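A short write-up of the structure that comes next.
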2 protein chains.
Amino acid sequence: MSKKDLIFKSALMLFTTRGFHDTPTSEIAKQAGVATGTLFHYFSTKEELINELYLECKSTLVDKVMEGVDPQWDLPTRMHKMYFNSVLWGVEYHDKFNFLQQFDNSPNISDLTREEGYNRIKSINWVFDEAREAGLIRKDHRDMLMELVYAFIISVVTQLIQTKPEPKERDELIDLSYSILMKAFS
Amino acid sequence: MSKKDLIFKSALMLFTTRGFHDTPTSEIAKQAGVATGTLFHYFSTKEELINELYLECKSTLVDKVMEGVDPQWDLPTRMHKMYFNSVLWGVEYHDKFNFLQQFDNSPNISDLTREEGYNRIKSINWVFDEAREAGLIRKDHRDMLMELVYAFIISVVTQLIQTKPEPKERDELIDLSYSILMKAFS
DNA sequence: TCACCATTCGACTGATTAGTCAATCATTTT
DNA sequence: AAAATGATTGACTAATCAGTCGAATGGTGA
């Protein structure tokens, strides 16, 4: 693992457990096994570090959600796969999941970064609009419904992290929650 | 307004906009119009200040959610009223709403305070147990429903704060989200 | 061999911060 | 009116932190 990645990993862990301003750069460097000078060689400020970390998380999010999704598939199949991937991402990368939950609306992330982050996950939102057009979910109040769908996913992930079921039962729960989602939002 | 309340008010604003560790006590005192010594006369440490602030927020939360809820009403009526009150609380007191969202899981709040905060909102959680007893939801879904309700409330409040609709449309949106929520669990 | 540059190091600095303290000021009690 | 209690002040200090800098290292190509 490169020094840069070691710094990312260390910062991710420390920022989520101690918060941004209560995590000294010296501690990030120490946990990463590098000198502070090295940290500032890769990231000119602590702010830049957290902003890049934020984008890195958003990128792996969209990668995982889109993984194995064939554009040729019909809409319901793609939606189901993406929903499944979303929840699995939250469970498998729950350190990144936590980080995004904590810092998505934090003042440490610049407006520019937030905008760039929004661009990176745009492709996920497209399918939502497609589903509305196709009449799979109700048409009114687009933005609020989207928020509610995300809220739904977040609570499923939180629940799975707390109960830690076996893979088989876990997958069944995700499928169950998906059918509930589709029923509730149609 | 007492000096203590002025300090509370100033700290609430600064903690939510700048974060705990990026808010100097000197700045809290300045915005409150008092000397730093006065702040430390009322709160022996900065930690104590945020912990007391946390409990204060929890208390006004439970007051608002339970406002006008008659124990004589049947369960669905009470649940609907409480859901409505929760969202309205988030909109009306959105500084406190933001604060709790940011600091509910922050390491700055001590375990003792969190426990005390949990005690204060206990009466809200009872209604979930009641719903389970009454067979309104499946027994193993209690925690899941709770997570989902909280996640829903957060996204509805966030949405309402962003779009600032008229009271009539606002109430419609709250009811829409509530009906989706209920559909998910029926 | 040597020049070059990216990488790495960690001691160091200037700035900032939480909390102290000794001194007033205000109010109530005796 | 004297004494006591509590509220308020802000200059001060010891500690901490983000970011700097000059030196050391090692790889690459001429």
Side-chain angles (χ1 to χ4, degrees), chain A residues 1-57 99 102-103 106-114, chain B residues 1-57 95 99 102-103 105-114:
Chain A
M1 201 185 263
S2 73
K3 303 242 168 187
K4 194 175 173 178
D5 285 339
L6 286 169
I7 294 166
F8 266 146
K9 196 181 159 190
S10 167
L12 181 64
M13 193 264 281
L14 286 165
F15 285 159
T16 44
T17 53
R18 298 182 49 173
F20 179 67
H21 285 283
D22 198 31
T23 302
T25 49
S26 58
E27 187 64 24
I28 300 174
K30 197 176 167 187
Q31 298 271 336
V34 303
T36 59
T38 307
L39 190 154
F40 285 100
H41 172 74
Y42 288 105
F43 309 95
S44 63
T45 64
K46 196 182 169 188
E47 234 86 33
E48 188 179 310
L49 168 56
I50 198 175
N51 276 273
E52 286 207 27
L53 186 54
Y54 175 87
L55 289 178
E56 209 270 334
C57 289
F99 176 82
Q102 274 190 53
F103 292 97
S106 109
N108 305 118
I109 305 297
S110 75
D111 288 348
L112 202 84
T113 302
R114 220 184 301 277
Chain B
M1 201 185 264
S2 73
K3 303 242 169 187
K4 194 174 174 180
D5 285 340
L6 286 169
I7 293 167
F8 264 145
K9 196 180 160 192
S10 167
L12 181 64
M13 193 264 280
L14 287 165
F15 285 158
T16 44
T17 53
R18 298 181 50 173
F20 179 67
H21 285 282
D22 198 29
T23 301
T25 49
S26 59
E27 187 64 24
I28 300 173
K30 196 176 167 188
Q31 297 272 339
V34 303
T36 60
T38 309
L39 191 154
F40 286 100
H41 172 74
Y42 287 106
F43 309 96
S44 64
T45 65
K46 196 181 168 188
E47 234 86 32
E48 189 179 310
L49 167 57
I50 197 174
N51 276 272
E52 286 207 26
L53 188 54
Y54 174 88
L55 290 178
E56 210 269 334
C57 289
D95 48 350
F99 177 82
Q102 277 188 52
F103 294 96
N105 290 301
S106 111
N108 305 118
I109 305 297
S110 75
D111 288 348
L112 202 83
T113 302
R114 220 184 298 279

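Worth saying up front: this structure is predicted, and the values here are computed from it rather than measured. Here is the naming used below: chain letters follow the sequence lines, and residue numbers restart at 1 for every chain.
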Quiz prompt | Stepwise side chain to side chain contact (heavy atoms under 4.5 Å, CB included) test for Met13(B) and Lys9(B) | solution = CA-CA 6 Å; Met13(B) 193 264 280; Lys9(B) 196 180 160 192; over 6 Å; no
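- To the nearest 0.5 Å, atom CG of residue Asp22(A) and atom OG1 of residue Thr17(A) are 9.5 Å apart.
- Listed for the Asn51(B) side chain is a donor-acceptor partner under 3.5 Å among the backbone atoms of Ser110(B).
- Note that the CG atom of Asp5(B) and the CD atom of Glu56(B) stand 7.5 Å from one another [nearest 0.5 Å].
- Atom-to-atom distance recorded for His41(B):NE2 and Lys4(B):NZ is 9.5 Å, nearest 0.5 angstrom.
- Atoms NZ (Lys4(A)) and C1' (dT8(C)) sit 16 Å apart, rounded to a whole Å.
- For the contact set between residues 39-52 of chain B and DNA chain C, defined by any heavy atom under 4.0 Å, the members are Phe40(B), Thr45(B), Lys46(B).
- Contact annotation: Thr38(A) reaches the phosphate of dC9(C) (side-chain N/O to OP1 or OP2, under 4.0 Å).
- Of all the residues in residues 11-26 of chain A, not one reaches under 4.0 Å from DNA chain C with any non-hydrogen atom.
- Looking at Gln102(A), His21(A), Lys46(A) one by one, the single match for side chain to side chain contact (heavy atoms under 4.5 Å, CB included) with Asn108(A) turns out to be His21(A).
- Looking at Ser10(B), its side chain does come within 3.5 Å of a backbone N or O of Ile28(B) through a donor-acceptor pair.
- Of all the heavy atoms in Pro24(A) and Arg18(A), the pair that sits closest is CD-NH2, 3.8 Å.
- Here dT16(D) presents its C1' atom at 13 Å from CD of Glu27(A), a figure rounded to the nearest Å.
- Separating the NZ atom of Lys30(A) from the P atom of dC17(D) is a distance of 11 Å, rounded to the nearest angstrom.
- Between Lys3(B) and Thr36(B), the residue anchored closer to the 5' end of DNA chain D is Lys3(B), taking for each the nucleotide with the nearest heavy atom.
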